[in-house]
Amino acid sequence: MKKILFLTVALSSILFGENIKTAHVLKRLEDSNWVIVDTRDTNEYNGWNLSNLKKNGHIRGAKDFSSKWLDKEYSSLENKNILKERILEKGITSEKNVVLYGTNSVDIEKVSNYLKENKIANIFEYNLNENKDYEQLPFVAYENYEMLVPPSWLKDKLDKKEIKVFEVSWGSIKDAAVYVAGHIPGAPHINTDKIEPPPAWLINTDENLIKFAEEIGIVKDDSIVLYGDDVMASYRLAIILKYLGVKDVRVLNGGLAAWKNAGYKTEIGVTKPTSIKDFGSRVPLKKSYIVDEAKTKEILKDNKNSKILVDIRSYNERIGKESGYSYWDKKGRIPGSVWGKSGTKSVTLEDYRNVDNTMRNGYEIISMWLDLGIDKNKELTFFCGSGWRAAEVLFYSEVMGLKNNSLYSDGWIGWSTNSNNKIETGEEK
């Protein structure tokens, strides 16, 4: 009896103690009663190796809950509610055994304390740096994780003068107060009116877009990074530059806030772009990337067999309760499109972002789509009001490795401009 008791106590201390070893993590990768959670920087989960590990990405099947999401600047009531929802969506519940892993005990403990405050008690810790056999674990990364860059990578490239960086936001310099007050060193300001002129703010002509690229000094063979205080503007331009055929277009994950939070300096004033004479092509080199109204109607005729038109707008916009735009009064949705969620307003995208405005977990996005009737294996064309939100989601789909997706840039505003186009309103059956 004493031997049995001793074995039980010993096994309990190994298996259910505060720390857990590699062998035990391996055994529980396929166990539905266990949840593995990555507490590191979101960029590391995506695929970047920022901790000098011998493997990059995340443990296969792991959820993410970065300790950074618990920093003071993200402590608004709205963000607190989002985090509580995300815990449930990630399957982190009081009934589960939760393994928190990372590369330092501070981050792990930070998330552990938060979960305990939310009545999740069965928590085990796994420090990659303290378990040198972590290489036995299967690690995976998003196929195109390098499209979203961390601040440290951008800083290194700028120091070596190996990349161009641009700040993107609405308005001329006199309206760009955030940019003038402090921008990433060497980054010129790009006014989004140049790519979508008022008063309709729909995408400019191909000819004018190429002229715009030449004016700001971008050629088709460039490698560039875009960022902004409002990250959505960066994705809007990123998709347009990829449409034109720029070879390497990336976005700073988390925007200006990520740069500042990393402790890097900004500079005040204005950096002027250096124009060039020849973009390298007189026509867009990825023409099918942005579709027009006629092509959108062809997608709808497919009746979701191989193509789906996905509506990236708020629920109130979808049912016709509001247009989402102060300058647009037409309300409703495109018949035959499928709602893909977005956020609560036309200027937010909570359903696709973490609280620090980095890209949300790609597996969660795909799971959300599946619940909405959106098959990631089909060709997805995204639209919103005029292209901003949908562009961000299209970019994320490429980060995840999805192919042949596109943007209906003119979106709801373009569609409802044509009085011959049918629209629907009200709750969907």
Side-chain angles (χ1 to χ4, degrees), residues 38-51 56-58 64-76 78-80 82-83 86 102 107 110-111 141-142 144-158 163 165-169 178-179 181-187 189-190 224-239 249-266 342-343 347-362 364-365 388-389 391-400:
D38 192 328
T39 65
R40 300 173 301 162
D41 183 293
T42 300
N43 293 296
E44 293 195 87
Y45 182 90
N46 293 354
W48 290 93
N49 190 347
L50 305 180
S51 302
N56 70 305
H58 54 272
D64 61 334
F65 198 98
S66 173
S67 65
K68 291 185 177 181
W69 302 344
L70 301 173
D71 289 348
K72 188 176 180 180
E73 58 261 43
Y74 310 120
S75 62
S76 68
E78 181 182 10
N79 283 338
K80 286 181 178 178
I82 290 174
L83 287 179
R86 292 287 162 85
D107 290 346
K110 193 173 178 180
V111 176
Y142 299 146
N144 297 314
Y145 71 87
E146 291 175 317
M147 290 174 62
L148 276 175
V149 306
S152 57
W153 180 89
L154 177 57
K155 177 68 164 56
D156 180 65
K157 290 294 182 182
L158 289 174
I163 205 158
V165 62
F166 296 88
E167 183 269 355
V168 192
S169 59
V178 173
Y179 170 82
H183 57 269
I184 293 177
H189 164 68
I190 293 178
I224 65 168
V225 173
L226 306 173
Y227 84 95
D229 183 45
D230 174 3
V231 299
M232 201 182 293
S234 311
Y235 295 102
R236 174 59 162 160
L237 179 57
I239 294 303
V249 182
R250 310 187 193 206
V251 172
L252 175 60
N253 200 13
L256 178 62
W259 179 267
K260 289 182 174 179
N261 289 338
Y264 298 134
K265 294 180 180 179
T266 57
S342 63
V347 294
T348 62
L349 204 61
E350 305 98 303
D351 293 318
Y352 288 88
R353 293 185 196 155
N354 299 314
V355 294
D356 59 353
N357 285 324
T358 54
M359 173 186 161
R360 184 181 178 183
N361 184 304
E364 292 173 16
I365 292 174
W388 285 46
R389 288 170 286 179
E392 186 168 337
V393 175
L394 173 57
F395 196 93
Y396 291 162
S397 78
E398 287 202 25
V399 171
M400 293 184 276

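As the structure is a computational prediction, the values presented were derived from the model and not from experiment. Numbering starts at 1 and runs along the sequence shown.
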What pairs with K80 under side chain to side chain contact (heavy atoms under 4.5 Å, CB included), at least two apart in sequence or on another chain?
-> S75
Under the side chain to side chain contact (heavy atoms under 4.5 Å, CB included) rule, what do F395 and R236 come out as? Steps first, then yes or no, please.
-> CA-CA 9 Å; F395 196 93; R236 174 59 162 160; over 6 Å; no
Sub-4.5 Å side-chain heavy-atom contact between V399 and N46 | no
Would you say the side chain of Y45 lies within less than 4.5 Å of the side chain of T39, judging by non-hydrogen atoms?
-> no
ring-ring contact (aromatic ring centres under 6.0 Å, His included) involving Y145 - partner list, sequence neighbours excluded | W48
The side chain to side chain donor-acceptor pair (under 3.5 Å) partners of N49 (sequence neighbours excluded) come to none
Side chain proximity check, N361 to Y142, heavy atoms < 4.5 angstrom = yes
List in chain and number order the residues that pass side chain to side chain contact (heavy atoms under 4.5 Å, CB included) with V178, two or more places apart in sequence or in another chain; answer none if no residue qualifies.
-> D229, L256
Partners of W388 by side chain to side chain donor-acceptor pair (under 3.5 Å), sequence neighbours excluded?
-> E196
List in chain and number order the residues that pass ring-ring contact (aromatic ring centres under 6.0 Å, His included) with F166, two or more places apart in sequence or in another chain; answer none if no residue qualifies.
-> none
Report the C-alpha separation of W153 and L252 in whole Å, then their side-chain angles, then the decisive distance to 0.1 Å, and conclude whether the side chain to side chain contact (heavy atoms under 4.5 Å, CB included) test is met.
-> CA-CA 9 Å; W153 180 89; L252 175 60; over 6 Å; no
Within-4.5 Å side-chain heavy-atom neighbours: R353 and M359 | no
Interatomic distance, N357 atom CG to E392 atom CD [nearest 0.5 angstrom] | 8.0 Å
Looking only at heavy atoms, what is the nearest atom pair of N253 and A258, with distance?
-> O-CB, 3.4 Å
Do L237 and V249 come within less than 4.5 Å of each other through their side chains, counting heavy atoms only?
-> no
Residue list, side chain to side chain contact (heavy atoms under 4.5 Å, CB included) with A262, at least two apart or on another chain | P151, Y264
Compare every heavy atom of A238 with every heavy atom of V251, then report the nearest pair and how far apart it is.
-> CG2-CB, 3.9 Å
Which atom pair, heavy atoms only, marks the closest approach of Y74 to V355?
-> CD2-O, 3.7 Å
Given side chain to side chain contact (heavy atoms under 4.5 Å, CB included), test L50 with S152 step by step and report yes or no.
-> CA-CA 8 Å; L50 305 180; S152 57; 3.8 Å; yes
Residue set satisfying ring-ring contact (aromatic ring centres under 6.0 Å, His included) with H189, at least two apart, ordered chain then number -> Y179
Would you say S169 and E167 make side-chain contact, with heavy atoms under 4.5 Å?
-> yes
Rounding to 0.5 Å, atoms CD (E398) and CG (L148) come to a distance of 11.0 Å
Using side chain to side chain donor-acceptor pair (under 3.5 Å) as the criterion, list what pairs up with N354, not counting sequence neighbours.
-> T358
Taken to the nearest 0.5 Å, the spacing of M147 CE from N144 CG works out to 6.0 Å
Considering residues at least two apart in sequence or located in another chain, which fulfil the side chain to side chain contact (heavy atoms under 4.5 Å, CB included) criterion with E78?
-> S76, I82, E350
Does any pair with a residue in residues 38-51 pass salt bridge (charged side-chain N to carboxylate O under 4.0 Å, His left out), and if so which ones, sequence neighbours excluded?
-> D38-R40, R40-E44, D41-K68
Pairwise distance CG(L154) to OH(Y227) - rounded to 0.5 angstrom | 9.5 Å
Sorted by chain and residue number, the ring-ring contact (aromatic ring centres under 6.0 Å, His included) partners of F65 (sequence neighbours excluded) come out as W69, Y114
Derivation of the side chain to side chain contact (heavy atoms under 4.5 Å, CB included) call for L349 and R389 = CA-CA 7 Å; L349 204 61; R389 288 170 286 179; 3.9 Å; yes
Judged by atom type as modelled, is there a donor-acceptor pair below 3.5 Å linking the side chain of R250 to the main-chain atoms of L226?
-> no
Drop me the distance from N261's CG to D71's CG, to the nearest 0.5 angstrom.
-> 7.0 Å
Could you tell me the separation between the NZ atom of K110 and the OG atom of S66, rounded to the nearest 0.5 Å?
-> 8.0 Å
Minimum heavy-atom distance between G47 and A141, given as atom pair plus value | CA-CB, 3.7 Å
Hey, are the side chains of V165 and I224 touching, using non-hydrogen atoms and a 4.5 Å cut-off?
-> no
Does some side-chain heavy atom of I184 sit less than 4.5 Å from a side-chain heavy atom of L158?
-> yes
